[in-house]
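To keep things clear, I will list the structure first and then write my remarks on it.
Atoms considered below: every heavy atom in the structure, side chains included; atoms not considered: hydrogens, waters and symmetry mates. All values reported here derive from a predicted model rather than from experimental measurement.
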Amino acid sequence: MEMVNNQASSGGTRVRVQKFGRFLSAMVMPNIGAFIAWGLITAIFIPTGWKPNEDLAKLVSPMITYLLPLLIGYTGGKLVHDVRGGVVGAIATMGVIVGADIPMFMGAMIMGPLGGWVIKQVDRLFEGKIRAGFEMLVNNFSAGIIGGLLTLLAFTAIGPVVEALNHTLAAGVQGIVNAGLLPLANIIIEPAKILFLNNAINHGILSPIGLDEASKVGQSIFFLLETNPGPGLGILLAYWLVGRGNAKQSAPGAVIIHFLGGIHEIYFPYILMNPRLILAVIGGGMTGVFLFTLLGAGLVAPPSPGSIFALSAMAPKGGLLPVLAGVAGATIVSFLIAAALLKMSGKENEDELEQATEKMKELKGNQPAAAKGEEKVATPAAEVKKVVFSCDAGMGSSAMGAATLRKKFKEAGLDEITVINTAINDLPQDADIVITHKSLTSRAQAKLPEAEHISIDNFLNSPEYDKLVTRLK
């Protein structure tokens, strides 16, 4: 009984950590386009850039000081209380921006959600108590007053505290870098990625640190720690060349999706089917970071998705070769370790890849609705007009799944059914069927409980796709 309780506690803790990490990344990921725009302007127009321009370079500082933190603050508030929460969150974020001398990404991640939460509580307090005709007046003034008070609080108290904390963290990180211990970070990063914490780690932790460093020196190695496609590429190449069965046959397609498309989630099941391969990605990741550090590699902004094209685009002038060298080194080491481990393994079961994807559910402590005793009601075929494939960001795995399903619908003559991909937080109200990874189904159900929800575990070729096609025909 004690063992069961410990396992339940561990699973609950893991789920809470994932939920918090995804919330952090959800504030950053919708704004990645703005970060890339800032990165391109920085890389091109600063004095050491590709095409220096003194006038256009004036955009760099205001964008990182004001635009990017305000976008994060607005998004954080919107996550808590829709547009109204976003507006108050942005107002509150302005307090930490002006109250500190450094880019306030961490402060925005605090004040944005805080602003959204406070105005949400105020709205609940006034709900049903406002006289008819005074709704707009009360709503506008309550948002203005709360936003103003939070801005003053942020300016006088929270901003200085966050700035001091930021300096402490920066000093600690710099100490790790100076001691040559940064490659050890991959001992944590690579296993966490397999638990689908990649976005949380990259956008919730590493990107804010990297942006602060990039604003000072023009580039940062922290943009390369999680996004390096080399370790995953080594795993897929090893399966392609020395693997067997379904894994060997599917590996070439996965290489293209992972390395060129930047969707790292595609290689996670290949590690879960042989957990010893975690040693390969750790070794590859540590090698990549060692080479990045040795050669002085860095990027000017977060690459998203983590494809070789995105890494190349974000490399500073004269800094492409160090980035490519680190990726190549990580690939080679990961491949050699993975190939040796695969050869040591016995003949793989033909169904191991499918079985491995099932492990994701257990590792992440999530269960589909059917496993919890809830009855799944299938939407009548005649009523299905829109199918939505959803993931954390609405870009990577959901785009890939939507494209696959759209192709199957077209081949089956189901052209009248619309198939789109979105982030979970942007699920449209007119969605008839929502398809998500098993780890995200509960979040999608909470967001859109009236829709039918289908859980999958294989982004590229889930059997649920064919079942849905057959049912709708």
Rounded to the nearest 0.5 Å, what separation is found between the CG atom of Leu342 and the CG atom of Asn274? 6.0 Å
Any non-hydrogen side-chain atom of Phe223 less than 4.5 Å from a side-chain atom of Leu206? no
Is the CG atom of Leu56 crowded by more than 12 outside heavy atoms at less than 6.0 Å? yes
Decide side chain to side chain contact (heavy atoms under 4.5 Å, CB included) for Thr293 and Ile221; before the verdict, give the C-alpha distance in whole Å, the side-chain angles of both, and the deciding distance to 0.1 Å. CA-CA 8 Å; Thr293 304; Ile221 191 176; 3.4 Å; yes
Okay, side chain of Lys193, backbone of Glu226: is any donor-acceptor separation there less than 3.5 Å? yes
Between Val333 and Gly284, which heavy-atom pair has the shortest distance, and what is it? CG1-N, 4.0 Å
Could you report the tightest heavy-atom contact between Phe292 and Val323, atom names first, then the distance? CE2-O, 3.3 Å
Could you check if a side-chain atom of Pro428 sits within less than 4.5 angstrom of a side-chain atom of Ile420, using non-hydrogen atoms only? yes
Pairwise side-chain contact, Phe259 with Leu237, heavy-atom cut-off 4.5 Å (strictly under): no
Testing the 3.5 Å rule here: is there a donor-acceptor pair between the side chains of Thr436 and Ser390? no
Between Ala92 and Ala154, which heavy-atom pair has the shortest distance, and what is it? O-CB, 3.6 Å
Give, for atom CE of Met63 and atom CD1 of Ile41, the distance between the pair rounded to the nearest 0.5 Å. 4.0 Å
Tyr74 versus Val83: any side-chain heavy-atom pair under 4.5 Å? yes
Can you list the steps and then say if Thr404 with Phe389 is a side chain to side chain contact (heavy atoms under 4.5 Å, CB included)? CA-CA 10 Å; Thr404 301; Phe389 205 113; over 6 Å; no
Enter the distance from Ile188:CD1 to Leu225:CG here, rounded to the nearest 0.5 Å. 11.5 Å
Per the side-chain contact (heavy atoms from CB on, under 4.5 Å) rule, which among Ile433, Asn421, Ile435 passes with Leu405? Ile435
Spacing of CD1 belonging to Ile110 relative to CE belonging to Met104, to within rounding of 0.5 Å: 8.5 Å
Under the 3.5 angstrom rule, does the side chain of Asp82 hit a backbone N or O of Arg84 as a donor-acceptor pair? no
Roughly how far apart are Asp430 CG and Leu448 CG, rounded to 0.5 Å? 9.0 Å
Could you tell me whether the side chain of Pro229 reaches within less than 4.5 Å of the side chain of His258, counting heavy atoms only? yes
Could you tell me whether the side chain of Val289 reaches within less than 4.5 Å of the side chain of Leu224, counting heavy atoms only? no
Report yes if the side chains of Trp240 and Val255 come closer than 4.5 Å at any heavy-atom pair, otherwise no. yes
Would you say the side-chain atoms of Lys51 pair up with the backbone N or O of Phe45, donor to acceptor, closer than 3.5 Å? no
Could you report the tightest heavy-atom contact between Pro302 and Leu211, atom names first, then the distance? CD-CD2, 4.1 Å
If you take all heavy atoms of Pro303 and Thr227, which pair is closest and at what distance? CG-OG1, 3.7 Å
Assess whether side chain to side chain contact (heavy atoms under 4.5 Å, CB included) is satisfied between Thr287 and Ser334, documenting all intermediate values. CA-CA 9 Å; Thr287 301; Ser334 178; over 6 Å; no
What's the spacing between Leu182 CG and Met286 CE if we round to 0.5 Å? 10.0 Å
Specify the closest pair of heavy atoms between Ala108 and Pro113, including all atoms of both residues, with the distance to one decimal. O-CD, 3.8 Å
Check the pair Ile97, Leu70 against side chain to side chain contact (heavy atoms under 4.5 Å, CB included), reporting the backbone distance first and the verdict last. CA-CA 9 Å; Ile97 292 175; Leu70 284 173; 3.8 Å; yes
Would a 4.5 Å heavy-atom cut-off, applied to side chains only, mark Leu277 and Tyr270 as touching? no
